[in-house]
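Indexing begins at 1, ligand by ligand and atom by atom, following the structure's order.
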Amino acid sequence: VILPPLTRHLGLDELQAAAAAVLPVGSAEFLETGARGELTVRANVAAWSSWWLRPRVLVDVAEVSTASTVLDLPVRVPILVAPMSLQRVAHPDGESGVARAVAAREGLMIVSMGTSTPIEELAAILGRRWWMQLYLLSDRDLTASIARRAASLGAGALVLTVDAPRVGTQSRPRDGFRYPDGVSDVLVDPTAWTIGSDRRLTWDEVHWLQDQVDIPVILKGILHPDDAARAADDGVRAIVVSNHGGRVLDGTLPTALALPAVTEAVGGRLEVYVDGGIRRGADVLRALALGARAVLLGRPVLWGLALGGSEGAGEVLDLLAEELDTDAALCGVADVAQVPHDLVERI
Ligand SMILES: Cc1cc2nc3c(=O)[nH]c(=O)nc-3n(C[C@H](O)[C@H](O)[C@H](O)COP(=O)(O)O)c2cc1C
């Protein structure tokens with residue numbers, strides 16, 4: 001066991017300060033920062049606990065099944081790793097370390113376009129257990145070539161991030177932040193990022209991207225039910241309800257509050273995943289009760305990585321899975337793929 005022993009009781013939030021303490025200042029800020037006043041960063045976490053649990057009793061929960069599928073891929077637990085750039089900033093194990101932890105647990109990793117490890121190396125570890133996150137770059141040829149390269153390496157889907165047509169203003173100035181020696185973006189030259197993602201990203205570009213590959217294009221960063229419904233109308237197979245962990249636009253609705261209207265609007269026509277502020281197993285249950293099929297875990301994976309490399313990241317995933325298993329049993333839920341909507345009520 002690598003993580004501080006109290007984490008088992010107090011939860012993953014305990015790791016935030018511990019991780020910050022082992023990282024150089026600039027690296028810790030890179031990991032934690034949110035947009036502007038960080039209202040949404042805080043609200044994302046808090047909003048999950050505004051949904052209270054209403055357990056069923058006298059249900060046989062001797063065995064709890066946490067198994068599920070995402071776009072037909074079986075996962076042991078419906079907790080996926082969110083795309084996060086530059087993981088070698090957190091620890092030399094970087095993306096490879098996270099990939100090993102995910103593969104060993106039969107999970108799924110969404111690899112960021114800002115990866116600091118070549119995707120060939122990650123694909124060799126993950127097999128089919130990964131999806132490729134993309135921004136639409138102004139350089140369409142480069143975007144298309146990365147998309148095709150990922151597909152040919154076995155990525156099961158592309159995850160197009162649609163909530164950042166501009167770079168937001170982040171709270172903690174990163175002047176003075178230098179990548180650790182030998183760490184940089186490997187897919188997209190850092191200078192290409194200054195051109196940034198394309199500000200004209202619209203539904204046309206979604207279709208353009210879908211035309212480049214045979215694997216599904218998922219949209220990440222949806223909050224409005226009408227956008228979700230449009231995605232379903234346009235044949236999109238999955239979306240991620242996300243506000244980018246509060247890193248792009250401050251003041252957005254926390255995802256725990258945006259989720260119900262989205263799942264209602266799509267009515268099962270596509271798979272809905274959610275991220276932002278998931279810190280406890282009960283948060284996963286809440287998300288599933290509100291109609292999500294799986295959650296994405298962001299910062300806590302990097303806290304675990306910072307503290308204990310691949311093993312630390314793995315322990316974070318295990319801890320959340322154990323909490324989910326226990327809390328599901330205590331809620332009278334024997335199968336997390338079938339969490340009833342009336343398990344939660346908001347006060
Ligand atoms: C250090 C860091 C880097 C991130 N990089 C990306 C990225 O490259 N692409 C993307 O779509 N989202 C990125 N995100 C957002 C995450 O995918 C996810 O939406 C968010 O972190 C989830 O919230 P949580 O951290 O509260 O779990 C990043 C988040 C962090 C913390």
Legend entry - Pairs touching residues 93-111 that satisfy side chain to side chain donor-acceptor pair (under 3.5 Å), sequence neighbours left out: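 Listed once each, the pairs are Glu95-Ser116, Glu95-Thr117, Ser96-Glu121, Arg105-Asp318.
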Legend entry - Where at least one partner belongs to residues 220-237, residue pairs that pass side chain to side chain donor-acceptor pair (under 3.5 Å), sequence neighbours excluded: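 Those involving residues 220-237 are His207-Asp234, Arg230-Asp234, Asp233-Arg269.
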Legend entry - Nearest atoms (heavy-atom pairs only) where Leu307 meets Pro4: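 Minimum heavy-atom contact is CD1-CD, 4.5 Å.
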Inset, instruction - State the OH-CD1 distance between Tyr273 and Ile239, to the nearest 0.5 angstrom. - result: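 Tyr273 OH to Ile239 CD1: 10.0 Å, rounded to 0.5 Å.
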Legend entry - Arg247 NZ/CZ over Phe30 ring centroid, <6.0 Å and within 45° of normal: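 So Arg247 does make the cation-pi contact.
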List the atom pairs, with distances to 0.1 Å, where a side-chain N or O of residues 70-87 and a protein N or O form a donor-acceptor pair under 3.5 Å, not counting sequence neighbours.
unit_1: Gln87; atom_1: NE2; unit_2: Met84; atom_2: O; d: 2.9

Inset, instruction - Using heavy atoms and a cut-off under 4.0 Å, could you grab the residues that are in contact with ligand 1, chain by chain, numbers ascending? - result: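 Under the 4.0 Å cut-off, ligand 1 touches Phe30, Leu31, Ala82, Pro83, Met84, Ser85, Ser112, Gln133, Tyr135, Thr161, Lys220, Ser242, His244, Gly245, Arg247, Asp275, Gly276, Gly277, Arg279, Gly298, Arg299, Leu302.
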